[in-house]
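This report refers to the structure that appears directly beneath it.
Whatever order the structure lists ligands and atoms in, that order sets their numbers, starting from 1.
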Amino acid sequence: MIRFGPAGNSEAFYNEGHKRTTEAFKWLHKMNLDAFEYQCTRGVLLKQNTAEEIGAEAKKYDIRLSLHAPYYINMAGTEKEKLQKSRGHIEKSIRAALWMGAKRVVVHPGGIGKDSRDAAMKRAISFFNDIIKNQPSGELISPELMGKINQLGNLDEIIRFCLVDERIIPTIDFGHLNSRTKGALNSPEAFENVIIRLADGIGWERTRRLHVHFSRIEFTEKGGEKKHWSMKDTQFGPEFDHLVPSLIKYEMKPVIISESRGTQAADAKLMKERFLGCI
Ligand SMILES: [Zn+2]
């Protein structure tokens, strides 16, 4: 079974008068959605009782939770103090995820800064390895494929992170991958090649259980990712329909999160309908 849901609350949710995320799960269930990514991108600010309330509501409506960790994390940092802060953000994210029963903690690996890509990657892997080995439930961490070229997290790098521990499931953001490859993700074959490269790297068992982010993303030739758009903004790729044949052919069971700007729940529903229309 493939699960679909939004990243955070949509504009429609608030426009209908809702204020608290605890109200989101009944709302999503009515839309026939069954996943939700809680956003801690500006810091892990929620308290234990709120997180537990969210977890209970999500469970009641069978909504699979994931949590997006703060943007401030940089596993490739060179300063001890900053690395310590990144570690703190990850630890708090894991704690909040456990409170709410979230199954994944999505983390951005970080930027390469002024260093060489290789040196930055070595530092990030060492940091990541340390977290996985020493942090209880560190296996919840899901390194995300990133959209900007100067960020760590191209497809091969994400595979390398996953090789640190066989329990690690990657977050494959196809909009990001399309951005950093300047629109190369433009056919069903291109998507299938990504799935095969992943399976070669981390095996089919993990590849079938991917955590997926999907949205149309504008990019620049030089830098990659520029801006997230919604499903109706068809001038920007990639096309969800190009992923569907691989989902079916390889019997994949991912969680697919829409990161559309403002319309993420409606767009998750749209993707689910497109998928169901093909099986
Ligand atoms: Zn992200």
List in chain and number order the residues that pass salt bridge (Lys or Arg N to Asp or Glu O under 4.0 Å) with R3, two or more places apart in sequence or in another chain; answer none if no residue qualifies. D62
Any N/O/S atom, side chain or main chain, of E259 closer to the Zn ion (ligand 1) than 2.8 Å? no
Establish, from distance only, whether the side-chain atoms of E37 and H213 form a donor-acceptor pair under 3.5 Å. yes
Hydrophobic cluster (4.5 angstrom, side-chain heavy atoms) - remaining members for I257: V255
Among the N, O or S atoms of E144, the one nearest the Zn ion (ligand 1): OE1
So the angle subtended at the Zn ion (ligand 1) by H108 atom NE2 and H68 atom NE2, rounded to 10 degrees, is 90°
Going by atom types only, do N9 and T21 share a side-chain donor-acceptor pair under 3.5 Å? yes
